[in-house]
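A short write-up of the structure that comes next.
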Number of protein chains: 2
Amino acid sequence: MTELGGQARNPARVRAFEGVLARIEERIAADGLTVGDRLPGERQLAEQLQVSRSSVREALRVLESLGVVSSQVGRGPDAGAVLTSRPGSALTGLLRLHLGLATLSLREVVDTRLMIEQWSAGHAARSGAGLETMARAIAAMDAARSPEEFVEHDVAFHAAIAEASGNRLTSAIMQALRGAVQRFAIDAVVRLGDTGGLQADHRRIHDAIRDGDAATAVEAIAVHLERAYPSTAGPAS
Amino acid sequence: MTELGGQARNPARVRAFEGVLARIEERIAADGLTVGDRLPGERQLAEQLQVSRSSVREALRVLESLGVVSSQVGRGPDAGAVLTSRPGSALTGLLRLHLGLATLSLREVVDTRLMIEQWSAGHAARSGAGLETMARAIAAMDAARSPEEFVEHDVAFHAAIAEASGNRLTSAIMQALRGAVQRFAIDAVVRLGDTGGLQADHRRIHDAIRDGDAATAVEAIAVHLERAYPSTAGPAS
DNA sequence: GATGCATGTATGGTCTGACCATATTTGGTC
DNA sequence: GACCAAATATGGTCAGACCATACATGCATC
């Protein structure tokens, strides 16, 4: 995280918390720390690294925002800074902020989601993974009695597609993208009034993946996202 | 953050710096703040939000790690916390950490990069954007006298493909992915000894985009990444 | 008036030390 | 053995101080 400070005109100038980040990163690599392991306490870490506890805390806040650690108060085996793995939630926050800053447009987010979902569906069509989860989600959407409930299972359906790729990174990105456009999804369901079209899309996607027909799956996903986010997703790809 | 539903009895469940984050986010949305605008000073912010300066600083560290603000010391128009937009560097740090934690494998990162680069190349073949930049990068690689110099222009070449998509989000992700696997790129150049194959790939990609031949561009990129990261990138897509 | 240097000042960066809130651990009591 | 109170370790927060930096100001000089 040495580039956090922006311009590195003076390389000798490293803020204390950046040094802490570097040392913690080193330790993760050297000691082979992994998810579930605990970091030393803030006070202990401060003493080891010869910085103040404030600096340690700033570094921990950064790691927490990146979804790498999770802090628990109290005492016992679960207390303290524990290494976790939540790249998805970190990405969600990142996207939300940049959407708010107008650094990114909804169009760009939806297009990216289209890219990932089509790519994942292609993989799914070859591996046949996740079909059961998708079918269950479709059935649950049929039984849904409110837009919110429908969208809840819709999320599960699309998450199943992403997970079928077997790639945790694309899954995490997908999850974050979905989170960033979540509020538009409910709007879409309410606006359409009828979920028949969306469900027809879902069945078409599921069937294409089941039949190993990647081309149809890819096309069906494009149709589906265009239906859900009209005038946003362009004729991308 | 997410656990323990109900019990809104104790307001201390939200940490102070999280409140600061929320308030700053609100202000960005409400005041329409955008890149280049300045936030109030740390001391002033602390007083306005009725928290300590430490809490304000922790919130600012989070925003900085997400590529939303950049802090400059000193005095003047450029000093203080300025809103920026560097989702790329934030993503780079995120990926590097999660790679270190073994949350993500190199394979997953390279596969994701393949996805984005193929998608971008498809767009580029349709729009013809970025061809000049690509050609310049290829020429610069020809003239390079060290692996490091070669890789430097290689980065520019692949960045041009990503930017040709016109999607800042995929560009940022691409930049981050590239940064995460950077060290493997130099290894690859040294290992191959001869950059002729890589350059042939580059020319083939460039020519396909120039000719609007998306299918060839996509295939050439797969070949290229397989050459650079053998046994890592699978026959993905 | 223009120039240049000394001083002022606002800003982030860091540290210290204290206290609070929480949750486990410990140990004593019944 | 069960139960409850105290001790303790941990993160969360705060207040205040000082340093380093870099622009702003103003005076002295030319």
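The sequence lines fix the lettering, A, B, ..., with proteins before strands; numbering per chain opens at 1.
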For a quick test of reading the model, state the closest non-hydrogen atom pair linking [X] to [Y] and the distance between them.
{"X": "Leu101(A)", "Y": "Thr34(B)", "answer": "O-OG1, 3.8 Å"}
{"X": "Leu21(B)", "Y": "Ala59(B)", "answer": "CD2-O, 3.6 Å"}
{"X": "Ser105(B)", "Y": "Arg168(A)", "answer": "N-NH2, 3.8 Å"}

Is there any protein nitrogen or oxygen under 3.5 Å from a nitrogen or oxygen in nucleotides 2-6 of chain D, and what are the pairs?
none

- Item | Residues Arg61(A), Glu64(A): salt bridge by 4.0 Å N-O rule | yes

- Task: Quick one: label Ser55(B) by what it contacts on the DNA or RNA (base, sugar-phosphate, nothing), any heavy atom closer than 4.0 Å.
- Result: sugar-phosphate

- Message: Counting the atoms with a prime plus P, OP1 and OP2 as sugar-phosphate, which does Gly76(A) contact under 4.0 Å by heavy atoms, base, sugar-phosphate, or nothing?
- Response: sugar-phosphate

Among [options], which nucleotide has an atom closest to any side-chain atom of [X]?
{"X": "Arg38(B)", "options": "dT24(C), dT14(C), dT11(C)", "result": "dT11(C)"}
{"X": "Arg53(B)", "options": "dA24(D), dG12(C), dC15(C)", "result": "dG12(C)"}
{"X": "Val51(A)", "options": "dG11(D), dC15(C), dC14(D)", "result": "dC15(C)"}

- Task: Taking the six-membered ring for Trp and the single ring otherwise, decide whether the centroids of His202(A) and His153(A) are under 6.0 Å apart.
- Result: no

- Position toward the 5' end of DNA chain C (nearest nucleotide), Ala81(B) or Arg75(B): Arg75(B)

- Query: Of Gly74(A) and Gly80(B), whose closest DNA chain C nucleotide lies nearer the 5' terminus?
  - Reply: Gly80(B)

May I have the distance from [X] (atom [atom1]) to [N] (atom [atom2]), rounded to whole angstrom?
{"X": "Glu18(A)", "N": "dG13(C)", "atom1": "CD", "atom2": "P", "answer": "9 Å"}
{"X": "Leu60(B)", "N": "dT14(C)", "atom1": "CG", "atom2": "C1'", "answer": "15 Å"}
{"X": "Gln72(B)", "N": "dA10(C)", "atom1": "CD", "atom2": "C1'", "answer": "15 Å"}
{"X": "Asp78(B)", "N": "dG12(C)", "atom1": "CG", "atom2": "P", "answer": "13 Å"}
{"X": "Leu49(A)", "N": "dC15(C)", "atom1": "CG", "atom2": "P", "answer": "11 Å"}
{"X": "Arg57(A)", "N": "dG13(C)", "atom1": "CZ", "atom2": "P", "answer": "17 Å"}
{"X": "Glu58(A)", "N": "dT14(C)", "atom1": "CD", "atom2": "C1'", "answer": "9 Å"}

- Hey, are the side chains of Arg178(B) and Asp154(B) touching, using non-hydrogen atoms and a 4.5 Å cut-off? yes

- Does one side chain, of Ser70(B) or Thr84(B), offer a donor that lies under 3.5 Å from an acceptor on the other? no

Given 3.5 Å as the limit, does a donor-acceptor pair link the side chain of [X] with the main chain of [Y], or not?
{"X": "Thr195(B)", "Y": "Leu198(B)", "value": "no"}
{"X": "Ser171(A)", "Y": "Ala162(A)", "value": "yes"}
{"X": "Arg38(A)", "Y": "Ala79(A)", "value": "yes"}

- Item | Members of residues 39-46 of chain A that approach DNA chain D, where some heavy atom sits under 4.0 Å away | Gly41(A), Glu42(A), Arg43(A)

- Task: Check whether any side-chain nitrogen or oxygen of Arg15(A) sits under 4.0 Å from OP1 or OP2 of dG13(C), and answer yes or no.
- Result: yes

